[in-house]
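Positions are given from 1, in the same order as the sequence printed here. Because the structure is a prediction, the values reported are computed rather than measured.
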Amino acid sequence: MSNVYTFGPTFRSEESHTSRHLAEFWMIEPEIAFAGLTENMAVAEAYVKFSIEYVLANCREDLELFNEVVFKKRFDGQELIPYLEKTLAAPFRKMEYTEAIEILTKAIGGGK
């Protein structure tokens, strides 16, 4: 059997009385038996990169529009397509949980 994925709507809610804490989003879940964290990370990276490659090849006009209307304004003039190409070119960085928390804490403290 080849790759198997579950793709569908997912609902998540927290104990709250506002609509802000109820969310629906689409989630993809690869079905990979007997895989550890390293294998899971490799599958996730490959899927994200496949998705980026597909969008770059098949949705260029949409990316260009999104770049002008949203991305450059939100990210201080940075260009979306080179950003995506750079994402494809390099392996994803992997780190321990505590290092990730340190990076996030510094970013929050720095106002990012």
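Both F92 and V55 belong to a single network of hydrophobic side chains, linked directly or stepwise wherever heavy atoms of I, L, V, M, F, W or Y lie under 4.5 Å apart.
Pairs engaging residues 34-57 under the salt bridge (charged side-chain N to carboxylate O under 4.0 Å, His left out) rule: E45-K49, E45-K94 [sequence neighbours left out].
Counting Ile, Leu, Val, Met, Phe, Trp and Tyr side chains that sit under 4.5 Å apart, directly or through other members, F34 stands alone, with no cluster partners. Hydrophobic side-chain contacts under 4.5 Å tie V43 into a cluster, directly or through other members, with I32. Applying the under-4.5 Å side-chain rule to Ile, Leu, Val, Met, Phe, Trp and Tyr, the cluster around L37 extends to M41.
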task: Begin from the C-alpha positions of L84 and L88 and carry the test side-chain contact (heavy atoms from CB on, under 4.5 Å) through to its verdict.
output: CA-CA 6 Å; L84 293 173; L88 289 176; 5.9 Å; no
Show every donor-acceptor pair shorter than 3.5 Å between a side-chain atom in residues 57-72 and any protein atom, with sequence neighbours excluded, or say none if there are none.
from	atom 1	to	atom 2	distance (Å)
N58	ND2	Y54	O	3.0
N67	OD1	L80	N	2.8
N67	ND2	E79	OE1	2.8
E68	OE1	K72	NZ	3.3
E68	OE2	K72	NZ	3.1

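Residues that satisfy the salt bridge (charged side-chain N to carboxylate O under 4.0 Å, His left out) test with R93, not counting sequence neighbours, are E99.
Put simply, CD1 on I108 and CD1 on I103 are 12.0 Å apart, with the number rounded to the nearest 0.5 Å.
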